[in-house]
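Before any comments, here is the structure.
When reading the values below, keep in mind they use all heavy atoms of this one structure, side chains included, and skip hydrogens, waters and symmetry mates.
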Amino acid sequence: MPRRHLRMTGAADCSLGAALRDLRTELDLPAAFPAEAMAEAEAAVRDPGLSAHEDATGLPLLTIDPPASTDLDQAMYLERRPGGRGYRVHYAIADVAAFVRPGGALDAEAHRRVTTLYFPDDRIPLHPTVLSEGAASLLPGEVRPAALWRIDLDGDGQATATDVRRALVRSRAKLDYAGVQRRIDARTAEEPLALLREIGRLREEQEPARGGISLDVPEQEITGHDGAYGLAYRAPLPAEAWNAQISLLTGIAAAHLMARTGTGILRTLPIAPDGAVARLRRSARALRVDWPHHVPYAQIVRSLDPRRSNHAAFLQECTTLLRGAGYTAFDHGELPDPAVHAAVADLYTHCTAPLRRLVDRYAAELCLAVTAGKEPPEWVREALPALPKEMAEGTRRANTVERACVDLVEAALLEGRVGELFDAYVVDVGERNPATGTVHLRDPAVVGRIEGGTAPLPLGERLRVRLTQAGPAAKTVLFAPA
C-alpha cells in the first residue's frame, strides 16, 4: 500500500485518547526526558553558547507554519538583489547546537529519539519543550541563535551564491499558510511576502528542467471538534508548496557545500528500476492516464489533477517510485553512490528542521564549517558513520506512528458500521494477488485495505464495498467487494 500523507490538527480530548495512550505504550515510545537531560537543557537556556553569533536582529524575518505550531525551525526574508539582478533569500534555521553539548545526556537522548513524533492529541518531542518550543524556537519578537543562510538567485531562480553563518535573529511575525495565501491572492502582501510566490514559482519551474518531481497527493487530515475526532482530505495550498521550495533550495545548497569539501551526509534516493517504471506505465493505461512514450515521468506528474479520481489514484501509484530513500554519509572526498536524490534530481540533504529531526543539526555544522573555511568539528565527524542507520530507524518509527494513528482514527470513526456499504475507488492493487488492494472513500475520508474477493480489482474504478472490520479494538479498517 502506498504511504499515506497525513496531517494532524489540534484535536480535542475524547474517548479515543485512551486508545492513543495505549498505542504509545504498545510501540514502546520515549516518555519523559531523563532528569540529567532536562538539567542540561535548563542550564543551556540560562547560558547558551552565543559567542560566535553575529548580530542580524535587524533583518525583518517572518515564520510561516500551521497556526498551532510553536516549534518554529525556520524564518525567512526575501528581497530583490540590488539593480534588479535576481533575488536574495535570507533563511534562518534554529541553531540547536548552541544548546546541546556534544556527548552529553541531552545529546544522547536526542540520538535515542531521532525525530519528533506527532499524535492527534500530543507530540513526543526530539528535544525538551523548554528548547524546542522555547529558547531555541524562532518565536516572534524573541532574539534567537540561528544558522543564517543567504542564497542569491538569478532572474530565473537559479542559485548563484551561497553563504551560511551563525547569527542572532529576531522574527517579526508568525504567519500561517491560509493567511499568507489570502494576502498574496488579494495582493495585499508586502514585497518580502509577495516574493514567496514569485520565487516559489520560479523554483517550481526549475524542478522539471532538472528532472525533479513533486507529488501532489491528497492528504488525510485528522481533525478535532467538540471533543470528537474526524478525518478529511486536504489539498495543500500553493503557499505551502512555495514555502517548501525555499526549504528544498536550502537543502540542495547545503548538499553542494558538503560535496565541495568531501565530508557530509546526504538524503539519497536511487533511480527507480526499469521494472518499476514499466509497472507504473501499465497502471497509467489501466487508469486511462495518457502517458506518451516520449513524455518524461516528471512532466506527466506535473500534468495531473488530484481532484480527478483516476489522477489521484495514479499519484498514489507514483509514490512507489519514491521508495528506498535514505541517508548516506561520506568523508575523505568521495561522494556516495548514489549521491543524488532521484525525486529532487540533484544533491540534497536535510538541514532545515533541527528542532524536529536529528540529522539537520549535523548538516548545519558541516555547512557552517565549509563557509568558515574550517575543518568540521570532531564530534560531527565521529557521529557521521552511525547517523544513516539512526535516521533510518527513527524515520521507520515515525512512519509507524503515523500509520497507526490514522488507522486507529479510521477504525474508531467507523465503529458500529460493520456491514454497511460505501462508494469507493481503487487506488492500489496487489502485484501478487490483484484481488487485494487499497480503496479510497470520499465520505468519510478513509483509505483502507480491501480483500476477500476473487476477481482482480479494477484499478482507478469506482467500486461498491462492504465494511468488514472496524473499531478501536481492531485498530484498523477492512473492506470487501460488495
Side-chain angles (χ1 to χ4, degrees), residues 91 93 97 111 114 147 149-153 157-165 203 206-214 244-274 276-277 296-298 321-354 357-396:
Y91 206 40
I93 309 299
H111 278 265
V114 183
W149 291 80
R150 189 181 71 187
I151 304 174
D152 285 347
L153 310 175
Q158 286 271 29
T160 59
T162 301
D163 178 74
V164 58
R165 60 191 64 198
R203 292 300 300 175
Q206 292 291 335
E207 199 167 65
R210 65 175 186 267
I213 57 167
S214 292
Q245 285 294 334
I246 303 298
S247 179
L248 187 64
L249 165 70
T250 309
I252 293 172
H256 280 275
L257 282 180
M258 290 188 290
R260 185 192 304 173
T261 58
T263 299
I265 183 163
L266 301 175
R267 181 69 166 160
T268 56
L269 175 68
I271 296 173
D274 290 340
V277 177
Y297 167 64
L321 296 193
L322 303 183
R323 292 172 181 165
Y327 295 88
T328 307
F330 61 100
D331 205 348
H332 307 299
E334 292 190 9
L335 285 177
D337 184 22
V340 168
H341 191 291
V344 179
D346 206 337
L347 298 179
Y348 176 64
T349 193
H350 279 157
C351 65
T352 63
R357 194 169 48 207
L358 175 66
V359 70
D360 299 49
R361 169 160 54 106
Y362 290 87
E365 290 303 310
L366 289 163
C367 293
L368 287 162
V370 173
T371 54
K374 299 179 179 179
E375 286 294 309
E378 195 57 36
W379 62 267
V380 173
R381 264 206 160 105
E382 289 175 355
L384 278 180
L387 269 177
K389 183 178 179 181
E390 288 176 307
M391 289 306 304
E393 292 173 352
T395 302
R396 190 179 306 114

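Put simply, the side chain of I252 reaches to within 4.5 Å of the side chain of R210, judged on heavy atoms. Here the side chains of E207 and Q245 are in contact, with some heavy-atom distance below 4.5 Å. For the pair Y91 and T352, the minimum side-chain heavy-atom distance is below 4.5 Å.
Exactly one of I151, L153, D152 qualifies for a side-chain contact (heavy atoms from CB on, under 4.5 Å) with T160. That residue is D152.
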Taking distance alone, no hydrogens or angles, what donor-acceptor pairs closer than 3.5 Å link side-chain atoms of residues 333-348 to residues at least two apart or in another chain?
from	atom 1	to	atom 2	distance (Å)
H341	ND1	A343	N	3.3
H341	ND1	V344	N	3.4
D346	OD1	H256	NE2	2.8

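The stretch residues 378-389 participates, sequence neighbours left out, in these side-chain hydrogen bond (donor to acceptor under 3.5 Å, both in side chains) pairs: T263-R381, D331-R381, E375-R381.
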**OP:** Show your working on side-chain contact (heavy atoms from CB on, under 4.5 Å) between R357 and M391 and close with a plain yes or no.
**Re:** CA-CA 9 Å; R357 194 169 48 207; M391 289 306 304; 3.7 Å; yes
Original post:
Can you list the steps and then say if T349 with M258 is a side-chain contact (heavy atoms from CB on, under 4.5 Å)?
Top reply: CA-CA 9 Å; T349 193; M258 290 188 290; 3.5 Å; yes
Original post:
Between V164 and I93, is a side-chain contact (heavy atoms from CB on, under 4.5 Å) present by the stated rule, with each step listed?
Top reply: CA-CA 10 Å; V164 58; I93 309 299; over 6 Å; no
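The two residues L269 and L322 have their closest heavy-atom pair at CD1-O, 3.4 Å. The minimum heavy-atom distance linking L266 with A255 is given by the pair CD2-CB, 3.7 Å. Nearest approach of P376 to L366, heavy atoms of both residues: CB-CD2, 3.6 Å. Closest approach of G324 and P270 over heavy atoms only: O-CD, 3.5 Å.
Both tests pass for R267 against the ring of Y327: distance under 6.0 Å to the centre and angle within 45° of the axis.
In this structure, the separation between CZ on R260 and OG1 on T371 is 8.5 Å, given to the nearest 0.5 Å.
In this structure a side-chain-to-backbone donor-acceptor pair under 3.5 Å is missing from D163 to R150. Looking only at distances, no side-chain donor or acceptor of R203 sits under 3.5 Å from a matching main-chain atom of I246.
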